[in-house]
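Heads up, the thing below is written out as structure tokens.
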Amino acid sequence: MSPETPRAKDGRAPDVFSRGGWTPMRDYALSEPVDFLIVGAGAGGATLGCRLAENGFSVVILEAGPFWRPLEDFASDELAQQTLFWTDDRLIAGDDPIALGGNNSGRGVGGSTVHYSMIALRFRPEWFKCRSQLGYGFDWPITYDDLAPYYEEAEEALKVAGPVNYPWGPPRRRYPYRPHEVNAAGLVLARGAEKLGVGWAATPLTTVSAPRGKSPPCVYRGFCNYGCSTNAKQSALTVWIPRALRAGAQVRDLAMAGRIDIDPRGRATGVEYFREGAWRFQHARNVVVAGYAIETPRLLLNSACPLFPKGLANSSGLVGTHLTTHAGPGAWATFDEAIRWYKGPPNMAVTEHWNYTDQGKDFVGGYAFMSQGPLPMAWAQTLATTRGLWGAALRDEMRKYNHMAGFVPVGETEPRAQNCVTLADDVDQYGLRIPKVIFSYSENDKRLQRHAVAFMSEMLAAAGGYDIWTNFKDTSHLLGTCRMGDDPTTSVVDADGRSWDIPNLWICDGSLFPTCGGVNPSLTIQALACRIADRISRLAATGSLASA
Amino acid sequence: MRTKPLPALAGGVVLGAVVGVVMRAVTEAQPSEKPATRSYHADKPTGLSGAAALLAASVLADSALEHYRGSFENPAMVAPLISSALTLGSSAGRIFSLSRTRPSRQKAFVLSIAVGAAGLGFHIYNVFKRPGGLSWLNLFYGAPVGAPAALSISGWLGLAAERLAAQAAPAPRFFGLPAGRVLAAFTSLALIGDVAEVALFHFRGAFQNPFMYAPLALPPIAAGLLAKAAVAPIAKTHLLTRAWLWTTFLLGMAGTGFHAYGVSRAMGGWRNWSQNLIDGPPLPAPPSFSALSVAGLAALSLIEREAHAGDRQGR
Ligand SMILES: Cc1cc2nc3c(=O)[nH]c(=O)nc-3n(C[C@H](O)[C@H](O)[C@H](O)COP(=O)(O)OP(=O)(O)OC[C@H]3O[C@@H](n4cnc5c(N)ncnc54)[C@H](O)[C@@H]3O)c2cc1C
Ligand code: SF4
């Protein structure tokens with residue numbers, strides 16, 4: 001599985017629902033400016049591209065990675081599937097450098113959603129006004145109520161399969177599909193939660209529990225983090241991209257954007273990108289960057305020009321700063337009964353107790369945690385890297401694989417200026433300066449993790465687990481770095497994702513998040529994208545798309 | 001969609017047998033045109049026997065599939081297979097006047113009633129013992145509460161057929177009440193139970209196909225009409241009710257077709273039949289509606305016969 005020559009070209013794109021199939025696709029000329037040129041076809045870019053095309057704009061999406069057909073390209077093989085991740089060179093630094101790779105990046109049409117875990121949770125309403133209501137982080141320029149209809153839109157589009165009554169958050173419409181049966185690993189969490197008297201729920205997931213169009217229901221084979229080869233997963237690749245193509249958008253795969261061009265008036269005119277061995281230039285009336293929390297600031301910084309020597313959209317000096325991640329310390333235990341945690345999607349039960357309870361915390365922020373289901377290679381890797389097991393010791397520990405269960409939180413970290421993405425002096429295969437990602441935990445971040453690990457261990461014991469051990473190394477989603485806000489001096493873009501400095505430059509991905517909350521971000525990214533598409537259409541209707 | 005020849009053949013034989021039984025039963029369940037000349041006598045209540053047989057066949061196939069899926073973890077999971085098979089055999093035996101004796105048939109029916117009742121207890125216990133207790137999740141994925149009830153119902157229908165056969169009277173009675181009305185009321189309740197079960201599972205399937213509403217729309221009306229027939233002043237014809245029961249009968253048969261389509265939409269479709277038959281929508285479930293419709297038709301025949309008998313007695 002390595003189509004390193006572009007597939008989406010000559011008026012057709014791969015059909016993700018068949019082997020070797022094609023769907024027709026619009027072809028835009030390079031010289032003719034399109035309404036919106038989007039960099040990155042992940043959660044943010046694909047969603048926005050789809051909604052803008054459906055609203056009648058001409059849209060081209062550039063994607064650095066390949067355009068997969070899950071049915072024929074994805075193997076049930078952990079090693080073979082490593083090609084889904086962004087593994088280009090990057091430097092990491094700080095007191096707690098973040099390991100980059102499969103756990104936090106994707107490369108290909110669909111972005112990280114191609115191999116993500118499908119957890120679809122909403123933010124707690126107060127988090128949108130974190131500073132004023134909870135006393136930490138930053139306020140978002142929008143409220144929960146602004147986003148609620150778009151959460152609903154995204155959940156409907158992704159046919160989220162969730163509990164009939166989700167125990168946390170304000171009243172909401174029922175999830176479009178019913179919850180999946182909770183596997184044994186999830187029932188460990190359920191048992192423990194009932195013993196400790198906290199709530200639990202079947203995790204709302206974007207894999208279907210009943211047929212949907214050409215998607216068969218999930219078959220619980222557990223390869224979700226390596227690309228779902230059955231297409232039960234509702235990802236940007238299987239949901240937004242086919243819709244975008246139908247609505248007339250063009251997707252160019254294996255097209256690496258290297259630079260956004262700015263005219264003497266300070267407006268973006270298009271993007272230089274590398275495809276099929278040559279640099280090309282696509283003209284555009286608006287440019288949207290949706291490359292994820294590392295590549296988005298990298299592209300803006302790499303596009304520095306005489307007019308904007310500090311990089312684009314960076315008059316505040318904030319581009320690349322306030323990087324957050326979700327801390328993922330683990331607690332693990334052995335059980336007498338067979339758990340077989342590889343069965344089914346990896347995280348089938350969740351508790352958001354510590355997202356919604358503020359008493360009894362020695363930290364600010366929140367965390368949710370989920371039951372886990374690492375596949376053997378990933379598990380061996382965890383054992384080797386966090387416990388230093390090797391040889392016979394590793395083999396002995398691996399023999400317990402079917403009897404293990406454990407929890408990992410999505411732990412909020414504080415947005416701090418010193419955690420950031422900057423440019424290193426080294427260049428990559430395209431001649432572009434590579435990013436340097438600097439990260440350290442704050443004291444509060446550490447307290448949150450200690451709390452999570454203690455609580456999760458207690459719960460594992462309550463559920464009947466023994467030989468409990470913990471590890472503190474892992475992180476997941478990266479967010480922040482181009483935050484949205486109300487004030488040009490303290491944010492990079494406004495509430496519509498529009499750059500304060502360059503009126504036809506937009507950002508639409510996880511880098512918009514002023515704070516990262518204690519839940520997985522993709523649903524919020526997609527809801528934001530739906531909202532931004534709506535806002536853009538309204539601005540266009542009133543003639544306020546500046547350079548259009 | 002491609003089925004392997006052997007399973008296809010086996011399926012064909014089973015289906016053929018069941019359909020044969022039902023066809024025979026159904027023809028017997030027609031309104032009797034000349035009640036005076038046709039004495040209602042032993043070994044003739046084939047409509048009811050057909051209903052019992054069809055329901056038992058549905059339970060047999062369904063429990064075989066589901067309990068195989070559950071790896072027969074508990075030895076008791078074999079019980080419904082045996083008892084439903086016996087009820088199926090006994091009812092078929094009655095229809096085709098085979099040489100089984102009445103007491104042995106009766107034992108089979110009582111066994112089904114008992115196993116069904118025990119199963120109901122087990123299944124309810126199974127729902128409650130899971131974390132979360134009585135919750136949507138456990139109702140969706142715990143043992144289905146309605147399935148064992150269907151086994152009991154098949155036993156009751158079989159027994160009812162025996163009782164009818166034993167009563168030469170033109171207006172037979174159950175528990176001192178007119179048999180037709182008792183049976184109509186019973187069938188009406190059974191239909192409601194069946195609808196409740198289907199509602200739960202089609203809700204679990206998020207009604208992703210609009211046809212999934214059909215079994216919630218048509219059978220409740222049949223149940224209502226049957227209930228009306230059970231309590232209303234006695235009538236000689238029930239045209240609408242009959243028509244509706246027939247529609248429900250066809251719906252049950254069509255349901256199997258829809259479920260077969262559902263199986264084809266799972267990963268691998270019918271090529272992967274060995275897995276998808278077990279995980280997909282259950283093929284044997286929808287005919288339970290057909291079985292209950294046949295029982296309802298038999299109940300109407302009894303009511304109509306009583307009406308005619310009343311005429312003859314100058315009532
Ligand atoms: C293993 C894993 C599990 C996850 N599980 C969950 C989960 O359960 N629930 C959840 O909500 N979230 C989960 N996430 C996170 C979620 O997938 C991401 O937060 C989300 O996809 C980020 O969206 P994005 O649009 O910012 O970036 P992405 O979806 O990563 O998309 C960015 C795209 O831009 C492309 N790109 C970048 N730079 C360029 C360039 N210069 N030119 C062209 N293209 C470029 C990349 O190739 C990529 O395809 C998970 C992530 C991973 C890695
Ligand atoms: S468990 Fe479900 S979502 Fe995950 S890979 Fe398998 S079919 Fe896809």
Side-chain angles (χ1 to χ4, degrees), chain A residues 17 70-71 76 156 159-167 174-184 186-196 199-203 207-221 228-233 344 348-349 351 371 462-464, chain B residues 1 66 69-71 73 126-144 197-213 215 257-282 285:
Chain A
F17 287 107
L71 295 183
S76 297
E156 191 57 45
K159 290 284 184 241
V160 176
V164 177
N165 303 303
Y166 190 68
R174 184 179 301 139
Y175 286 109
Y177 272 38
R178 302 293 87 79
H180 292 272
E181 182 170 8
V182 174
N183 63 2
L187 291 178
V188 166
L189 187 147
R191 275 202 316 265
E194 302 212 326
K195 285 263 167 61
L196 297 191
W200 68 277
T203 314
T207 176
V208 284
S209 56
R212 186 232 180 146
K214 289 178 182 162
S215 288
C218 175
V219 294
Y220 308 113
R221 50 193 277 290
C228 172
S229 66
T230 69
N231 268 332
K233 175 185 272 193
M348 302 205 74
T351 174
S371 57
Chain B
M1 272 204 248
E66 294 293 334
R69 183 174 192 235
S71 311
E73 194 183 306
N126 181 284
V127 166
F128 274 91
K129 80 165 191 210
R130 297 157 76 96
L134 185 65
S135 65
W136 283 108
L137 195 68
N138 293 340
L139 283 173
F140 291 154
Y141 297 111
E197 172 109 337
V198 172
L200 178 71
F201 288 123
H202 284 194
F203 177 52
R204 180 178 93 184
F207 292 101
Q208 45 85 22
N209 184 326
F211 283 107
M212 291 168 82
Y213 287 107
F258 276 112
H259 281 198
Y261 171 62
V263 169
S264 81
R265 291 183 72 189
M267 185 63 196
W270 278 96
R271 269 177 297 120
N272 188 18
W273 62 270
S274 63
Q275 193 165 2
N276 290 338
L277 268 184
I278 294 173
D279 286 341

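In what follows, chains carry the letters A, B, and so on, assigned in the order in which the sequence lines appear, proteins first and then strands, with residues in each chain numbered from 1.
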### Message
If we check side-chain contact (heavy atoms from CB on, under 4.5 Å) with B/Pro131, which of these qualifies: A/Val188, A/Leu187, A/Leu189?
### Response
A/Leu187

Are there donor-acceptor atom pairs under 3.5 Å between chain B and chain A, and if so which?
from     : atom 1 : to       : atom 2 : distance (Å)
B/Gly132 : N      : A/Glu194 : OE1    : 3.3
B/Gly132 : N      : A/Glu194 : OE2    : 3.0
B/Tyr141 : OH     : A/Pro179 : O      : 2.6
B/Phe203 : O      : A/Arg178 : NH1    : 3.1
B/Arg265 : NH2    : A/Gly213 : O      : 3.2

### Query
If you look at every heavy atom in B/Gly205 and A/Ala210, which pair is closest and at what distance?
O-CB, 3.6 Å

## Note on the structure
Shortest non-hydrogen pair, B/Ala266 vs A/Pro216, comes out as C-CB, 3.7 Å

### Message
Are more than 12 heavy atoms, taken from residues, nucleotides or ligands other than B/Phe211, located less than 6.0 Å from that residue's CZ atom?
### Response
no

### Message
Does any backbone or side-chain atom of B/Phe203 lie under 4.5 Å from a heavy atom of chain A? Answer side chain, backbone, both or neither.
### Response
both

### Contacting region of A/Pro163 [heavy-atom separation from chain B under 4.5 Å]
neither

### Message
Using a 4.5 angstrom heavy-atom cutoff, name the option from A/Pro176, A/Gly213, A/Ala201 with the most pairs to chain B.
### Response
A/Gly213

